[in-house]
Engineer: 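Below is one structure. I have some questions about it.
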Amino acid sequence: QVQLVESGGGLVQPGGSLRLSCAASGFTLDRYATGWFRQAPGKEREGVSCITSSDGSTYSADSVKGRFTISRDNAKSTLYLQMNSLKPEDTAVYYCAAESKINSGCTIAAGDYDYWGQGTQVTVSS
């Protein structure tokens, strides 16, 4: 049974940092593309970053490029999202997700992902 469990969210001041974790079980983390998404109140779910299964290449949305970094620890079966220089507009529930198809690339299109965590709240406010 595939399970994804996020942690690490919280309240942080603008300009601060947080690291989100996503513990994966029931599948091999580096076998499938994985990604982070977020959803703010009243808005659609937005793709943030993804990492490929093949070579660990990453891709990030323009809105977070240079500030957020996705990574994974295969030994710990954990996906991470390091978030720096946080802004109030980064406030959202953050989700990790995994595909169930083996391919060489990754996308930040939510429809391409089959497994989802329950989400963790990130609030950026002074």
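All residue numbers refer to positions in the sequence shown, counting from 1.
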Engineer: Remaining members of Leu29's ILVMFWY cluster at a side-chain heavy-atom cut-off under 4.5 Å?
Structural biologist: Val2, Leu4, Phe27, Tyr32, Ile102, Tyr115
Engineer: What's the separation between atom SG in Cys106 and atom OH in Tyr113, rounded to the nearest 0.5 Å?
Structural biologist: 5.0 Å
Engineer: Decide if atom CD of Glu89 counts as having more than 12 heavy atoms of other residues, nucleotides or ligands within a radius under 6.0 Å.
Structural biologist: yes
Engineer: Give the minimum heavy-atom separation between Gly105 and Ala33, together with the two atoms involved.
Structural biologist: O-CB, 3.7 Å
Engineer: Who else is in Leu79's hydrophobic cluster (ILVMFWY, side-chain heavy atoms under 4.5 Å, direct or via others)?
Structural biologist: Val12, Leu18, Leu20, Trp36, Val48, Ile51, Val64, Phe68, Ile70, Leu81, Met83, Leu86, Tyr94, Val122, Val124
Engineer: Judged by atom type as modelled, is there a donor-acceptor pair below 3.5 Å linking the side chain of Ser60 to the main-chain atoms of Lys65?
Structural biologist: no
Engineer: When rounded to the nearest 0.5 angstrom, what is the spacing between CG in Asp90 and OG in Ser125?
Structural biologist: 12.5 Å
Engineer: Under 4.5 Å between any side-chain heavy atoms of Leu11 and Gln121, yes or no?
Structural biologist: no
Engineer: Given 3.5 Å as the limit, does a donor-acceptor pair link the side chain of Gln118 with the main chain of Val5, or not?
Structural biologist: no
Engineer: Would you compute the distance between atom OG of Ser126 and atom CD of Gln13 and round it to the nearest 0.5 angstrom?
Structural biologist: 7.0 Å
Engineer: Please tell me if the side chains of Ser63 and Arg38 come closer than 4.5 Å, counting only heavy atoms from C-beta onward.
Structural biologist: yes
Engineer: Taking all atoms of both residues into account, what is the closest heavy-atom pair of Ser17 and Gln82, and its distance?
Structural biologist: CB-NE2, 4.0 Å
Engineer: If I take atom SG from residue Cys22 and atom CD from residue Gln3, how far apart are they, to the nearest 0.5 angstrom?
Structural biologist: 10.0 Å
Engineer: Do Ser77 and Ser25 have side-chain heavy atoms sitting under 4.5 Å apart?
Structural biologist: no
Engineer: Keeping Thr52 on the side-chain end and Ser57 on the backbone end, is there a donor-acceptor pair under 3.5 Å?
Structural biologist: yes
Engineer: Taking all atoms of both residues into account, what is the closest heavy-atom pair of Ala97 and Phe37, and its distance?
Structural biologist: CB-CE1, 4.0 Å
Engineer: Rounded to the nearest 0.5 Å, what's the gap from OG on Ser85 to CZ on Arg67? Could you check?
Structural biologist: 7.0 Å
Engineer: Test your reading of the model: is there a side-chain donor-acceptor pair from Tyr80 to the backbone of Thr69, 3.5 Å cut-off?
Structural biologist: no
Engineer: Does anything in residues 107-126 pair up under salt bridge (Lys or Arg N to Asp or Glu O under 4.0 Å), and if so which pairs, sequence neighbours excluded?
Structural biologist: Lys101-Asp114
